[in-house]
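What follows is a short report on a single structure.
Counting convention: from 1, in listed order, for ligands and their atoms alike.
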Amino acid sequence: MKLTKEILDKVRNIEGFPLGKDEDIIALSDPPYYTACPNPFIGEFIEKYGTSYDESTDEYNVEPYTADVSEGKNDPIYNAHSYHTKVPHKAIMRYILHYTKPGDIVFDGFCGTGMTGVAAAMCENPDEDFKIKLEQEARQEGKTIEWGARRAVLCDLSPAATFIAYNYNTPVD
Ligand SMILES: C[S@@+](CC[C@H](N)C(=O)[O-])C[C@H]1O[C@@H](n2cnc3c(N)ncnc32)[C@H](O)[C@@H]1O
């Protein structure tokens, strides 16, 4: 998929559109997954993976997550790139696993380095020790965990942050 000046025109008037040159925005981007500006392809993604909310049929009913959450800041993934108020992905995983099901869309509009995206993906393939720990905790509370990736939509006002988030969240062979 290509990002062109004409496609950029569709999102150019959105508040927060970067002040940079079109050529630079296009060069930084990897459409449709990442654009260094409001993503013109996001509608298609939501149409494909989202589900419309219908109050009459909706059965979502999850109790608030109330446990204290404390995860260390020495994970190699966490340390790959520093950022202010960066959150360890394992802390975010606890909330995602509690509130969502595999395949759900998770939105972080202030994503910084994109740790919410890392957490959403790691729900498919968690560290073995962390998986055992969470399953033990869940068993004690009579709950089950639904492992499996969630789909993250990540945004940030800072193009630098989104670029870091993109690199954190792009699968590497
Ligand atoms: C506290 S940081 C998030 C860090 C993130 N939790 C992580 O783990 O890397 C907050 C982010 O919000 C972004 N931000 C501030 N105002 C914003 C706005 N109006 N729209 C989108 N992002 C915004 C900042 O650029 C910053 O990256």
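For E23 and K21, the salt-bridge test fails: no basic side-chain N is under 4.0 Å from an acidic carboxylate O.
If you look at Y49 and F45, their ring centroids are closer than 6.0 Å.
Protein residues having at least one heavy atom under 4.0 Å from any atom of ligand 1 are Y83, H84, T85, K86, V87, G109, F110, C111, G112, T113, M115, D156, L157, S158, listed by chain and number.
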Can I get a per-line list of side-chain donor-acceptor pairs under 3.5 Å for residues 123-132, giving both atom names and the distance, sequence neighbours left out?
{"unit_1": "E124", "atom_1": "OE1", "unit_2": "A149", "atom_2": "N", "d": "3.0"}
{"unit_1": "D127", "atom_1": "OD2", "unit_2": "K90", "atom_2": "NZ", "d": "2.9"}

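Between T170 and Y33, the closest side-chain pair of non-hydrogen atoms is not below 4.5 Å.
D24 is linked by a salt bridge (charged side-chain N to carboxylate O under 4.0 Å, His left out) to nothing, counting only residues two or more places apart in sequence or in another chain. Under the rule for a side-chain contact (heavy atoms from CB on, under 4.5 Å), the partners of I77 that lie at least two apart in sequence or sit in another chain are D75, H89, M115, V118, M122, Y168.
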